[in-house]
Amino acid sequence: MSLSTFHPAEAVELAVVERSGFVESRHLGSAVVLDPDGSPVLSLGSPTAPIFTRSSLKPLQALAAMSLGADLTGTAAALATASHRSEAGHVETVTAMLETAGLSADDLRCPSVHPADGAYRRSLAEAGDPISPVHFNCSGKHAAFLRAARAVGADTASYLDPAHPVQARVAEVVAAFADETPAAVGTDGCGAPVFALSLTGLARAIGRVVGLGADAPGSATPGSAAPGLADFADHARTLIDAVFAQPWAIEGHGRPNTTVIERLGVFAKGGAEGVIVMATRDGHAVALKCLDGSSRATGLVALTLLRRAGALPEVGDDELAEVARLITEPVTGGTDSEGRTAVVGTVRVSEDAAGGGS
């Protein structure tokens, strides 16, 4: 029998899509909210079942690279944990990360793609087909891996091999911060090793990183079950300061993760296949997985759960509603009387997430 995440019977309804008064889609999943001590405040579905963490793992991968000597500060630190849109600033930063280590795009082992950002893609049109691994959304993380490999004198061509010193360090950091042994190790879309953790483990790990980096009371020493995490405090502070100082770097101007960080001061990191993690500066954290792999409602649900858990006391209802609107695609159909795209429905949080659950 193959390894697996949780099944539909173990999930709850997190959100629905309503079109013209008719519910046409339902998003099932699991979620958990932890307090700064790592204790569950809210639990929905099966948060102890393993899920592939995908790009929500990036803060841990960035910390691992930094702990090996990858000199990353400012925008470069933010790009090390980013899933960027290949805006001009993203590409310039990743290119500089490589060049200052005597490396180039040819050393990256992530796929070559066109820039996702339309403005930057159009700016390259005259140069022909602008395909490059630097444009891949994980290129900042890969540049950080390469800089870590250089720092320890390891081979750069094999930096994605699970046995490589950089990936071995990532595995150590993941296990220490999550306080659990990964259930499986796979290959992420960018080619790097990706770990299967429980949602509880993922929330615990990212809550610790953000709390540690924000100097949250109690988070600098995350409990006797994980000794030594305070050794990462300086790197965590550099990483979290960079993300909060330049939210555009972690995804892109106007993008969902960037908007949550910029408008609410809450760390947000989505991943493929419907995974997201958010954490407040005091160490509260939420992690969820939408079972169908859709990210359409994940940010909306995550913010709702943080609010339910009392983790957003300084965020007003109007501000939260505005951010939720900005990060959730509307349900559209045709055009209105003025030729604009008409909104004919909504994505809304289900009762289980809005007020149910254990």
Side-chain angles (χ1 to χ4, degrees), residues 17 54-56 58 74-99 104-106 108-144 188-191 242-243 245-264 268-276 290 293-300 322-336 338-347:
V17 180
R54 303 304 297 267
S55 284
S56 293
K58 283 180 178 174
T75 310
L79 261 294
T81 194
S83 294
H84 64 78
R85 293 281 297 171
S86 240
E87 295 177 3
H90 295 135
V91 175
E92 291 167 4
T93 300
V94 174
T95 300
M97 290 169 71
L98 293 167
E99 290 178 347
S104 72
D106 292 338
L108 294 171
R109 295 293 178 262
C110 51
S112 291
V113 297
H114 294 92
D117 180 67
Y120 184 67
R121 186 171 60 251
R122 288 189 294 272
S123 76
L124 300 179
E126 293 184 2
D129 192 19
I131 190 168
S132 169
V134 175
H135 302 153
F136 197 80
N137 70 350
C138 301
S139 63
K141 176 182 75 175
H142 283 246
D188 209 341
C190 66
V243 170
Q246 302 185 75
W248 67 271
I250 202 168
E251 190 173 8
H253 291 89
R255 301 296 300 174
N257 290 175
T258 291
T259 298
V260 170
I261 296 167
E262 195 170 54
R263 295 286 295 267
L264 301 180
K269 189 71 202 70
E273 295 300 319
V275 178
I276 196 169
C290 196
S294 172
S295 297
R296 175 162 50 182
T298 54
L300 173 64
E322 174 64 7
V323 171
R325 183 188 67 79
L326 290 172
I327 67 172
T328 308
E329 291 289 334
V331 177
T332 60
T335 58
D336 61 18
E338 298 182 15
R340 299 169 301 191
T341 301
V343 175
V344 298
T346 185
V347 179

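Closest of all the heavy-atom pairs between A82 and K58 is O-NZ, 2.7 Å. Closest heavy-atom contact between A105 and V134: CB-CG2, 3.5 Å. Heavy atoms only, all atoms of each residue included: A324 and L300 are closest at CB-CD1, 3.7 Å. Between G252 and R85, the closest heavy-atom pair is CA-CG, 4.5 Å. Across all their heavy atoms, S56 and G271 have their closest contact at OG-N, 3.6 Å. Between A143 and L98, the shortest heavy-atom distance links the atoms CB-CD2, 4.0 Å.
Taken to the nearest 0.5 Å, the OG1 atom of T332 stands 14.0 Å off from the CZ atom of R340. Atom CZ of R325 is separated from atom OG1 of T259 by 10.5 Å, given to the nearest 0.5 angstrom. Between atom OG1 of residue T75 and atom CE of residue M97 there is a gap of 10.0 Å, rounded to the nearest 0.5 Å. Going from atom CD1 of I276 over to atom CD1 of I327 covers 6.5 Å, rounded to the nearest 0.5 Å. From C138, atom SG reaches atom CG of L79 across 11.5 Å, with rounding to the nearest 0.5 Å.
The backbone N or O of G191 sits nowhere less than 3.5 Å from a side-chain atom of D188 that would complete a donor-acceptor pair. Between the side chain of T258 and the backbone N or O of P247 there is at least one donor-acceptor pair closer than 3.5 Å. Without hydrogens or angle criteria, H84 side chain to F136 main chain gives a donor-acceptor distance under 3.5 Å.
Side-chain atoms of V113 and N137, non-hydrogen and from C-beta on, never get closer than 4.5 Å to each other.
No side-chain donor from either of K141 and S83 sits under 3.5 Å from a side-chain acceptor of the other.
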Sequence neighbours left out, cut at 3.5 Å: what donor-acceptor pairs do the side chains of residues 86-94 make with other protein atoms?
unit_1	atom_1	unit_2	atom_2	d
S86	OG	H135	O	3.1
E87	OE1	H253	ND1	2.8
E87	OE2	H253	N	2.8
H90	ND1	E87	N	3.1
H90	NE2	W248	O	3.0
H90	NE2	A249	O	3.3
T93	OG1	G89	O	2.9

Please report the C-alpha distance between T298 and V275 in whole Å, then the side-chain angles of each, then the deciding distance to 0.1 Å, and finally whether the side chain to side chain contact (heavy atoms under 4.5 Å, CB included) criterion is met.
CA-CA 7 Å; T298 54; V275 178; over 6 Å; no
Test side chain to side chain contact (heavy atoms under 4.5 Å, CB included) on T346 and T328 and set out the steps.
CA-CA 9 Å; T346 185; T328 308; over 6 Å; no
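Counting heavy atoms of neighbouring residues, nucleotides and ligands inside a 6.0 Å radius, atom CD of E329 does not exceed 12 of them.
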